[in-house]
Q: 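There's a structure below that I have some questions on.
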Amino acid sequence: MTTPPAATQRPRILTGDTPTGALHLGHWVGSLENRVRLQKKYDCYFLLANMHAFTTRSEKPGEIRRDTIEIVKDWLAAGIDPERSTVVLQTEVPAIAELSWFFAMLLPFNRVMRNPTLKTEIETKDLGDKYSFGFPMYAVGQCADILAFRPLLVPVGEDQVAHIEMCREVARRFSQVYLNVNPKTEDPDYVKAGGLFPIPEALVGRIGRLVGVDGKNKMSKSLGNAIFLSDPPDAVKKKVGKIFTGRQSATEPGDVGNALFQYVEAFIPDAARVAELKDRYARGDNIGDGHIKAEVAEAISALLRPMHDRRAAYEGEAGDRKIIEVIREGTERANAVAEQTLRLAKDAMGLGFWRRTLSVDRPH
Ligand code: TRP
């Protein structure tokens with residue numbers, strides 16, 4: 001027997017993003033920062049959910065392709081290391097599409113439609129009752145995205161927790177139905193009890209919901225209140241300057257629960273300095289909002305600077321080619337894992353008629 005590479009001995013993590021445009025600080029504190037940290041200890045799979053992008057933008061394939069490449073640029077700039085972690089293109093992992101079908105049969109239709117994240121999305125994206133059949137299907141597909149890799153952890157933003165909960169239900173149900181695992185089995189014991197999937201846990205970032213620079217809504221590209229990871233220092237300064245507090249003067253006692261102080265806490269790394277600023281602000285000890293904003297902007301730009309340096313390696317067409325190669329290599333590794341999961345799932349379901357092998361060729 002050959003020794004497996006070290007990567008396969010580390011516990012696995014899977015998470016992903018739907019490519020919808022540039023990543024911002026909300027993504028960073030919500031999940032990206034966790035991913036960068038966790039790649040040292042875990043075997044990480046980062047999924048480009050480009051199939052999901054088609055659920056609401058099926059008539060814009062060019063945009064989706066561009067967004068897919070751009071989000072990888074953001075990931076690599078943020079510190080995802082392609083030597084260590086695996087970047088996966090969803091549409092080239094056929095096991096995900098196949099598992100989605102099987103999992104769709106284990107989830108009651110009304111259970112899917114009650115998923116609170118889907119419901120919120122239907123409202124906020126104003127989908128009314130005109131959304132495609134594929135739209136709610138993505139939530140089932142997300143169970144397959146995750147379980148194809150049999151991970152222990154799924155680092156996500158707060159808004160994704162409902163999806164992970166549904167995924168956990170499917171994971172339990174599959175092992176109960178096809179592998180006779182006792183429904184009373186405790187979550188951590190599923191594999192020991194003969195189940196196929198560990199019951200994965202969501203890992204939410206240190207700030208579930210970062211307020212945007214409008215000081216009101218959650219940071220979001222579509223609301224125009226985002227600071228992007230690619231923003232240069234002058235743009236950061238301008239945007240931070242917009243955070244509204246309503247405070248009139250440097251001597252007025254301020255509310256340290258306001259939007260500006262969410263940024264102070266999120267981005268000024270020195271805890272003693274944060275405590276000092278809070279204390280002086282609360283007492284109105286001659287400390288103006290403008291001063292605090294300048295400090296916040298500087299801290300954010302210091303965080304983003306190394307990202308901009310790394311991003312420079314991926315500019316232009318040559319950069320695109322490098323990125324496509326990162327995706328291709330990753331997807332090849334990912335298929336090895338996902339195909340094995342699918343084979344085990346099919347065996348459990350009485351579908352193990354014969355074996356198949358997939359390959360991922362170079363782009364033409
Ligand atoms: N739905 C997630 C989002 O919009 C993206 C996603 C797709 C995902 N598949 C996943 C996240 C699997 C975690 C695990 O952000």
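Counting starts at 1 for both ligands and their atoms, in listed order. Atoms considered below: every heavy atom in the structure, side chains included; atoms not considered: hydrogens, waters and symmetry mates.
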Q: Under the salt bridge (charged side-chain N to carboxylate O under 4.0 Å, His left out) definition, can you give me all pairs with a residue in residues 244-268, not counting sequence neighbours?
A: Arg247-Asp289, Glu265-Lys278
Q: What closest approach, in Å, do Thr55 and Ser132 show between heavy atoms, and which atom pair accounts for it?
A: O-OG, 3.3 Å
Q: Compute whether any side-chain donor of one residue and acceptor of the other, for Asn180 and Tyr178, lie under 3.5 angstrom apart.
A: no
Q: Between Phe197 and Phe174, is the ring centre distance below 6.0 Å?
A: yes
Q: So for atom CD, which belongs to Glu59, do other residues, nucleotides or ligands contribute more than 12 heavy atoms lying within a distance under 6.0 Å?
A: yes
Q: Checking Lys73 against Tyr314: charged group under 6.0 Å from the ring centre and within 45 degrees of the axis?
A: no
Q: Report all N/O contacts between ligand 1 and the protein shorter than 3.5 Å as a table of atom names and distances to 0.1 Å; if there are none, say 'none'.
A:
| residue | atom | partner | partner atom | Å |
| --- | --- | --- | --- | --- |
| ligand 1 | 1 (N) | Gln142 | OE1 | 2.9 |
| ligand 1 | 1 (N) | Gln160 | OE1 | 3.0 |
| ligand 1 | 4 (O) | Thr18 | OG1 | 3.3 |
| ligand 1 | 9 (N) | Asp145 | OD2 | 2.6 |

